[in-house]
There are 2 protein chains.
Amino acid sequence: MNQVIETILDHRSIRKFKDIPLTEDQISTIIEASQQASTSSYMMAYSIIGVTEQHKKEALAEVSGQNYVKDNGHLLVFCADFHRVTIKASDEEYEDMLPNIENSEHFLVSAIDAALAAQNAALAAESMGLGICYIGSLRNNIEKVDQVLSLPKHVIPLFGLVIGTPDHRPDRKPRLPKEAVYFENEYKSYEEPLETFNSTIAAYYLNRGSNNRTDSWTDQMLRRFTHPMRMDVTEFVQRKGFNKR
Amino acid sequence: MNQVIETILDHRSIRKFKDIPLTEDQISTIIEASQQASTSSYMMAYSIIGVTEQHKKEALAEVSGQNYVKDNGHLLVFCADFHRVTIKASDEEYEDMLPNIENSEHFLVSAIDAALAAQNAALAAESMGLGICYIGSLRNNIEKVDQVLSLPKHVIPLFGLVIGTPDHRPDRKPRLPKEAVYFENEYKSYEEPLETFNSTIAAYYLNRGSNNRTDSWTDQMLRRFTHPMRMDVTEFVQRKGFNKR
């Protein structure tokens, strides 16, 4: 096993960091790593905002409900960005671009481009001994995040990535059995690997270092999905010129 | 610089492979790497279809318009998947889950989860000396891909990833200047770094090993965006129970 695969397999989300800011060199390396990710048709349809002002970090931590969004080595917010491709367009060209910019195909493109870049950032950071956690909970109030970062039309926040020197070492969280996720040639809908996983995860939740509880994965998903969440994201992204046709 | 960062920075898309299939061990390692990626609220909202049957690879190569979709060491198709979380739900629970499964928040979640997993797969493969290329062009006829892979409701194909032993070594493709992509604390809309990049990319296109041409990045984007593309993705994803509220 090489260092890349070791780093990938050793991933765990870090939610408590020492009070050590990332150096400029570390940040540069992480951003360069992000940028080298594959990108759909060379669109590079994302931007990254590094948040250093404490009042902004506090505002974002309040949206997220998580202290580690302000207490970390650095906070990146990955954004979908189709503003950049319009900068040099004439008014007429801009109008002609809107069917693409606003369709769900390009909403997908921007989310995928941003996530590929983010995962490079995450692994680059982890390879340097830093810890990371993705922050999807910025979408608890996506409009507020948008305002805090002064994002123009055709730019929206997707998720955060906190990075820093780990101050805990949580257990590695189990994943679904391979048979539940990977199929050859056609999709298969199996209940059995989910039952196997429910047993695995029940043992994990009972025995892990903190927050012990009795639970199964399918119950956890059922509870989560039966309460409508972030239903305002749709209206917000459309107002910003995404995913509206 | 460590091996992880070296691997990340050395990325180039490979579009010509030797006729050497991946071993079962290589595939297992790549899938395990995928699965260890971060996932939003433990949803693991994706599935991966490994395509080995030649007639299916040919059908997907036809959709994509690219020979390397059939001629490679292995082909993975990453799919958004909210079917899995419904398998153990009662009819009533399923109805209660739909507002989440069908909203654009969860469309984002599944695309991001799948892309994080895919980038782990890509880097694991590259670290083993294999080459990769993402295949967004499967969305040229997303409905056909859906049929070829027999995907149920709440599962849609997002993109492919071809993997194999490289049979060429293209130049590393330049990326936008950091100043065009990374901002501190608030978004900035700059024209200058785009002009810098236009010069860089003009030189790259003139001097690279093949397909030389005169072009700039902003012109290339303008041409691409002013022709509506894949406008059928919206209707398709909604019919499959995604992104409809």
Side-chain angles (χ1 to χ4, degrees), chain A residues 2-5 7-9 11 31 33 35-36 38 40 44 47-53 56 85 87-88 96-97 99-100 103-105 108 111-112 115-116 119-120 123-124 127 134 136 149-151 175-176 178 181-187 191 218 221 225-226 228-231 233-234 243, chain B residues 2-5 7-9 11 31 33 35-36 38 40 44 47-53 56 85 87-88 96-97 99-100 103-105 108 111-112 115-116 119-120 123-124 127 134 136 149-151 175-176 178 181-187 191 218 221 225-226 228-231 233-234 243:
Chain A
N2 62 55
Q3 196 206 338
V4 177
I5 293 167
T7 302
I8 287 172
L9 297 184
H11 166 72
I31 300 302
Q35 290 197 253
Q36 196 54 28
S38 291
S40 182
M44 304 180 263
S47 282
I48 308 169
I49 317 280
V51 187
T52 57
E53 290 173 9
K56 292 197 174 191
V85 293
I87 292 178
K88 287 180 62 79
D96 288 344
M97 295 172 90
N100 279 324
N103 71 13
S104 54
E105 157 69 10
L108 270 183
I112 294 166
L116 299 182
Q119 188 58 8
N120 270 10
L123 289 168
S127 78
Y134 282 93
L149 304 178
S150 307
L151 305 182
R175 292 295 189 260
L176 283 162
K178 182 183 167 193
V181 169
Y182 180 69
F183 311 105
E184 281 206 349
N185 296 305
E186 62 184 343
Y187 192 86
E191 197 170 327
T218 52
M221 290 302 114
F225 276 89
T226 48
M229 274 190 73
R230 302 177 189 155
M231 299 301 289
V233 165
T234 301
N243 199 33
Chain B
N2 62 55
Q3 196 206 338
V4 177
I5 292 167
T7 302
I8 287 172
L9 296 184
H11 166 72
I31 300 301
Q35 290 197 254
Q36 198 52 30
S38 292
S40 181
M44 303 181 264
S47 282
I48 308 169
I49 316 280
V51 187
T52 57
E53 289 172 9
K56 292 198 175 192
V85 294
I87 291 179
K88 286 179 63 79
D96 288 346
M97 295 172 91
N100 279 325
N103 70 12
S104 55
E105 157 67 12
L108 270 182
I112 294 166
L116 299 182
Q119 188 57 10
N120 270 11
L123 288 168
S127 77
Y134 282 93
L149 304 179
S150 306
L151 305 181
R175 293 295 189 258
L176 284 162
K178 182 183 168 192
V181 169
Y182 181 70
F183 310 105
E184 282 206 349
N185 294 305
E186 62 183 345
Y187 192 87
E191 197 170 328
T218 52
M221 291 300 116
F225 276 88
T226 48
M229 274 190 73
R230 302 178 189 155
M231 299 301 289
V233 165
T234 301
N243 200 33

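Only this structure's heavy atoms are used, side chains among them; waters, hydrogens and symmetry mates stay out.
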Item to check | Within-4.5 Å side-chain heavy-atom neighbours: A:T226 and B:M97 | outcome: yes
Checklist entry - Is there a donor-acceptor pair under 3.5 Å between the side chain of A:R230 and the backbone N or O of B:E105? => result no
Item to check | Side chain to side chain, B:M44 and A:V181, heavy atoms closer than 4.5 Å | outcome: no
Next on the checklist: Less than 4.5 Å to any heavy atom of chain A: does that hold for the side chain of B:T7, its backbone, both, or neither?
Outcome noted: side chain
Item to check | Backbone of A:Q3 reached by a side-chain donor or acceptor of B:Q3 within 3.5 Å | outcome: yes
Item to check | Contact origin within A:T218 toward chain B - heavy atom pairs under 4.5 Å | outcome: side chain
Checklist entry - Side chain, backbone, both or neither: which part of A:K56 has an atom under 4.5 Å from a heavy atom of chain B? => result side chain
Checklist entry - Taking atom CD of B:Q119 and atom CD1 of A:I112, what is their separation to the nearest 0.5 Å? => result 12.0 Å
Checklist entry - Contact part of B:L176 toward chain A, heavy-atom cut-off under 4.5 Å: side chain, backbone, both or neither? => result both
Checklist entry - Side chains of B:Y187 and A:I49: closer than 4.5 Å at any heavy-atom pair? => result yes
Checklist entry - Under a 4.5 Å heavy-atom cut-off, does chain B meet the side chain of A:N185, its backbone, both or neither? => result both
Checklist entry - Should A:Y134 and B:L116 count as side-chain neighbours, where that means a heavy-atom distance under 4.5 Å? => result yes
Checklist entry - Does B:N103 use its side chain to pair, donor to acceptor, with the backbone of A:M229 at less than 3.5 Å? => result yes
Checklist entry - Measuring from B:N2:CG to A:S127:OG, what's the distance to the nearest 0.5 Å? => result 3.5 Å
Item to check | Set of salt bridge (charged side-chain N to carboxylate O under 4.0 Å, His left out) partners for A:E191, sequence neighbours left out | outcome: B:K88
Item to check | CD-CG distance between A:Q35 and B:L9, expressed to the nearest 0.5 angstrom | outcome: 10.5 Å
Item to check | Region of B:L151 that comes under 4.5 Å of a non-hydrogen atom in chain A | outcome: both
Next on the checklist: Tell me which of these, B:G50, B:P99, B:A115, B:P228, has more heavy-atom pairs under 4.5 Å with chain A than the rest.
Outcome noted: B:G50
Checklist entry - Under the 3.5 angstrom rule, does the side chain of A:N100 hit a backbone N or O of B:F225 as a donor-acceptor pair? => result yes
Item to check | Check: B:L123 and A:N120 side chains under 4.5 Å, non-hydrogen atoms | outcome: yes
Checklist entry - Are the side chain of A:Q36 and the backbone of B:H11 linked by a donor-acceptor contact shorter than 3.5 Å? => result yes
Checklist outcome for this item: Heavy-atom closest pair (A:A124 atom, B:I8 atom, distance to 0.1 Å) is N-CD1, 4.0 Å
Checklist entry - Between B:I48, B:V51, B:D96, which has the largest tally of heavy atom pairs under 4.5 Å with chain A? => result B:I48
